[in-house]
Amino acid sequence: MEFLGLDYTTLRIIWWLLLGILLTGWAVMDGFDLGVGTLLPFVAKTDEERRLVINTIGPVWEGNQVWLVLGGGAIFAAWPPLYAVSFSGFYLAIFALLFGLILRPVGFKYRSKMPGKRWRDNWDRVLFVGGLLPGLIAGVAVGNVLLGVPFHFDDSMRIFYTGSFFGLLTPFALIAGLVSVAMLVSHGAAMLVLKTDGPVAERSARYGSVAALLSFVLFALAGAWVAFGLPGYEITSQVVTDGPTNPLLKTAAEGAAAGGWLRNYSSMPATLLAPIVGLLGALASAVLLRARRGGLAFLASGASITGIILTVGFAIFPFLLPSSSQPGSSLTVWDASSSHLTLFIMLVATVIFLPIVLAYTTWVYRVMKGKTTAEDMSDNPNAY
């Protein structure tokens, strides 16, 4: 059965693409908020400078988290098995990520409640942790997706996760986490150079350019590790793209040699643009930050983030979450989606509401454009 000519296979591909768009949207839009929080103790030395940094993202940080809500909602509704496995197996990791995200609004709201230096310094530390922790945990999670996660289903489709929180902190996963932190810090620095002047902008440019270079080096290192150290996974049975949602109907195995995750790049050469953009965007961001070109640096770091995320998505396709303990239980685009009708109804809703979100976001940033200054904070009673 088809809906408006969209068969089950096509809808699954569309929702795989939409999931990538939503997760990329979160990393790009909310990522600079996280980067600014991570940079706060380093680029701002006085209370006025720290207020200046906080108020560059004050009007927009809450709206940016809509992308995280949309991404989580898409996983829940379009890929129920993926939601069930990841949110149960990564429970403590996701709790840590959410804890960091919860710290941010508390820090924003309570920091200015009292004028004492000790009070504000403590909340600045909270904002630093709230910026660093989500980016680090998200990167570690992506690293574990590439490594494979220890889970399996029994005959009644019950999920069994056999890993542990500290088992997620492998060397490769930690490198992936550092890639995430570095790219978000450079992105946040670009926003600070764009939105501020004076010492804050100068420090942001210096720290951001270093972070961008680290992003380039660590991403290249992670890529070399994937090419020469990770075997990847592959489906070993017939691939049925419009079959029922049941991961146990296929067989899969770990690759026989390192570099298994690179097979899509050889079969679909156009996908090589993703890692190229990820690397060149990071280098361009470093150069542009050095030149104090905040707007262009922001676009370059955003392109780098997009390229890095797409690199992972293209590499593991059609896998969503490979299983290291029982590869046949791995979740793929072809066997972990909602029903045909559900995907279609959700697509209709997305076509209606996503443009509204984009239009509103564009309007907000248009209204809030321009530099943030000390005068703005003194004139605005709602400033942090």
Side-chain angles (χ1 to χ4, degrees), residues 1-23 71-90 144-162 231-256 260-268 270-271 310 312-351:
M1 181 171 59
E2 295 186 4
F3 300 97
L4 298 180
L6 296 174
D7 57 31
Y8 205 4
T9 298
T10 302
L11 281 171
R12 282 170 161 167
I13 290 292
I14 289 173
W15 272 102
W16 175 75
L17 292 171
L18 283 173
L19 178 61
I21 290 170
L22 294 174
L23 294 179
I75 295 174
F76 173 77
W79 312 101
L82 175 61
Y83 182 90
V85 173
S86 59
F87 279 65
S88 58
F90 292 167
N144 277 280
V145 169
L146 287 163
L147 291 169
V149 179
F151 72 92
H152 65 273
F153 297 94
D154 66 8
D155 293 338
S156 60
M157 290 298 293
R158 289 185 302 169
I159 301 167
F160 294 87
Y161 179 79
T162 56
Y233 294 82
E234 58 183 338
I235 300 174
T236 55
S237 59
Q238 181 181 1
V239 177
V240 180
T241 62
D242 58 354
T245 296
N246 185 343
L248 300 181
L249 296 180
K250 69 171 183 313
T251 59
E254 193 174 35
W261 282 137
L262 303 182
R263 67 178 69 89
N264 285 337
Y265 292 109
S266 59
S267 62
M268 297 181 290
T271 57
L310 291 181
V312 177
F314 291 148
I316 67 174
F317 181 84
F319 287 90
L320 296 170
L321 188 64
S323 169
S324 59
S325 58
Q326 191 182 94
S329 293
S330 299
L331 304 177
T332 74
V333 172
W334 314 128
D335 56 26
S337 72
S338 291
S339 69
H340 191 178
L341 178 60
T342 299
L343 294 181
F344 177 76
I345 292 173
M346 289 172 52
L347 180 61
V348 172
T350 302
V351 168

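All values below were derived from every heavy atom in this structure, side-chain atoms included, with hydrogens, water molecules and symmetry-related copies excluded.
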At their closest point, which heavy atom of F319 faces which heavy atom of S330, and how far apart are they? CE2-CB, 3.6 Å
How far apart are the C-alpha atoms of S324 and Y233, what are their side-chain angles, what is the distance that settles it, and do they pass the side-chain contact (heavy atoms from CB on, under 4.5 Å) test? CA-CA 9 Å; S324 59; Y233 294 82; 3.4 Å; yes
Just verifying a value: how many Å separate S325 OG and Y161 OH, rounded to the nearest 0.5 Å? 9.5 Å
State, yes or no, whether a side-chain contact exists between L331 and F151 at a heavy-atom distance under 4.5 Å. yes
Should L248 and S329 be marked as a side-chain contact (heavy atoms from CB on, under 4.5 Å) after you check the CA-CA gap, both sets of side-chain angles, and the distance that decides it? CA-CA 6 Å; L248 300 181; S329 293; 3.7 Å; yes
Rounded to the nearest 0.5 Å, how far does NE2 of H340 lie from OG1 of T245? 11.5 Å
Distance (rounded to the nearest 0.5 Å) between L22 CG and T350 OG1: 7.5 Å
Side chain to side chain donor-acceptor pair (under 3.5 Å) contacts touching residues 145-155 (sequence neighbours left out): D154-S156, D154-R158
Flag the pair L249 / D335 as yes when at least one side-chain heavy-atom distance between them is below 4.5 Å, and no otherwise. no
Flag, side chain of K250 to backbone of Q238, donor-acceptor distance under 3.5 Å: no
Does the side-chain contact (heavy atoms from CB on, under 4.5 Å) test come out yes or no for W15 and L347, once each step is laid out? CA-CA 8 Å; W15 272 102; L347 180 61; 4.0 Å; yes
Beyond-backbone contact of V312 with W261, side-chain heavy atoms, under 4.5 angstrom: no
On a heavy-atom basis, which atom in V333 and which in R12 lie closest, and how many Å separate them? O-CD, 3.5 Å
Gap between atom CG of L17 and atom CZ of F317 - 0.5 Å precision: 8.5 Å
For residues 75-86, tabulate all N or O donor-acceptor pairs below 3.5 Å that involve a side-chain atom, not counting sequence neighbours.
residue : atom : partner : partner atom : Å
S86     : OG   : L82     : O            : 2.6

Where is the tightest heavy-atom contact between P231 and R263, given as atom of each residue plus distance? O-NH2, 4.4 Å
Can you tell if the side chain of V149 reaches within under 4.5 Å of the side chain of P322, non-hydrogen atoms only? no
Nearest heavy atoms of L19 and A74, plus distance in Å: CD1-CB, 4.5 Å
Nearest 0.5 Å, please: how far is CG in L11 from CG in D242? 11.5 Å
Grab the two heavy atoms, one from Y8 and one from L343, that are nearest each other, plus how far apart they are. CE1-CD1, 3.9 Å
Between W16 and L320 the two heavy atoms that sit nearest each other are CD1-CD2, 3.9 Å
Would you check, one step at a time, whether the test side-chain contact (heavy atoms from CB on, under 4.5 Å) holds for V239 with T332? CA-CA 10 Å; V239 177; T332 74; over 6 Å; no
Apply side chain to side chain contact (heavy atoms under 4.5 Å, CB included) to T236 and list each qualifying residue two or more places apart in sequence or on a separate chain. E234, T251, A253
Closer than 3.5 angstrom, by distance alone: can the side chain of T241 be matched with the main-chain N or O of T9 as a donor-acceptor pair? no
